[in-house]
Structures are given as C-alpha cells and as structure tokens.
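Inspection log for the structure reproduced underneath, given as structure tokens.
All figures in this text were calculated on a predicted structure; none of them were measured in a lab. Throughout, numbering of the chain's residues begins at 1 and tracks the sequence. No hydrogens, no waters, no symmetry mates; every other heavy atom, side chains included, goes into these values.
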Amino acid sequence: MGSPISLTTTPNNQFVYVINLRGGSISVIAVKTNQVIATISLISNPEAITITPTD
C-alpha cells in the first residue's frame, strides 16, 4: 500500500476498499481479519471511491 487517500466500506460492512494514491491501486481489506485480501491495480490515480448497493 502507498499513501492511502480515501476509503469506503461495503453495505454489509464486511470489506473496506482503500485508494492508494501513489501506488495507483485499491486495497480490499476484510474487516473481520483486518487483512488485505486483494489489490486492484489501476492505470490512473483515483482520489475518491464509493460503493452503490445492489438488490
């Protein structure tokens, strides 16, 4: 991870998505274990994140 700038949680509060500004990635963290379970590489450097729940 590098330079976290923004985060959001899933509607069920099971995961946190963290934008890493300098790393150009998003880290997915499992709340229950506080462990990074995935890293999503990006082409650009996002500054914000939001999740829209689905039915």
Side-chain angles (χ1 to χ4, degrees):
M1 241 189 300
S3 300
I5 189 169
S6 180
L7 63 87
T8 192
T9 59
T10 55
N12 61 7
N13 294 316
Q14 290 184 358
F15 303 99
V16 176
Y17 287 74
V18 181
I19 292 178
N20 306 305
L21 182 62
R22 291 199 178 116
S25 65
I26 298 173
S27 297
V28 182
I29 301 170
V31 172
K32 193 172 189 176
T33 62
N34 198 31
Q35 297 292 314
V36 175
I37 60 166
T39 302
I40 304 165
S41 296
L42 304 171
I43 295 172
S44 63
N45 294 323
E47 295 181 9
I49 188 169
T50 188
I51 294 176
T52 303
T54 59
D55 293 334

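In this structure, S41 and S25 approach most closely via the heavy-atom pair CA-CB, 4.3 Å. Closest non-hydrogen pair, S6 versus A48, comes out as OG-CA, 3.7 Å.
Take T39 and apply the side-chain hydrogen bond (donor to acceptor under 3.5 Å, both in side chains) test, not counting sequence neighbours, and it matches no residue. In this structure N13 satisfies the side chain to side chain contact (heavy atoms under 4.5 Å, CB included) test together with T9, sequence neighbours excluded. Partners of L7 under the side chain to side chain contact (heavy atoms under 4.5 Å, CB included) rule, at least two apart in sequence or in another chain, are V16, V18. Under the side chain to side chain contact (heavy atoms under 4.5 Å, CB included) criterion, L42 pairs with I26, I40, P46, sequence neighbours left out.
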Going by atom type alone, with no hydrogens or angles, which donor-acceptor pairs under 3.5 Å involve a side-chain atom of residues 29-38 and a protein atom two or more places apart or on another chain?
{"unit_1": "T33", "atom_1": "OG1", "unit_2": "Q35", "atom_2": "N", "d": "3.4"}

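The CD1 atom of I51 lies 5.0 Å from the OG1 atom of T8; values are rounded to the nearest 0.5 Å.
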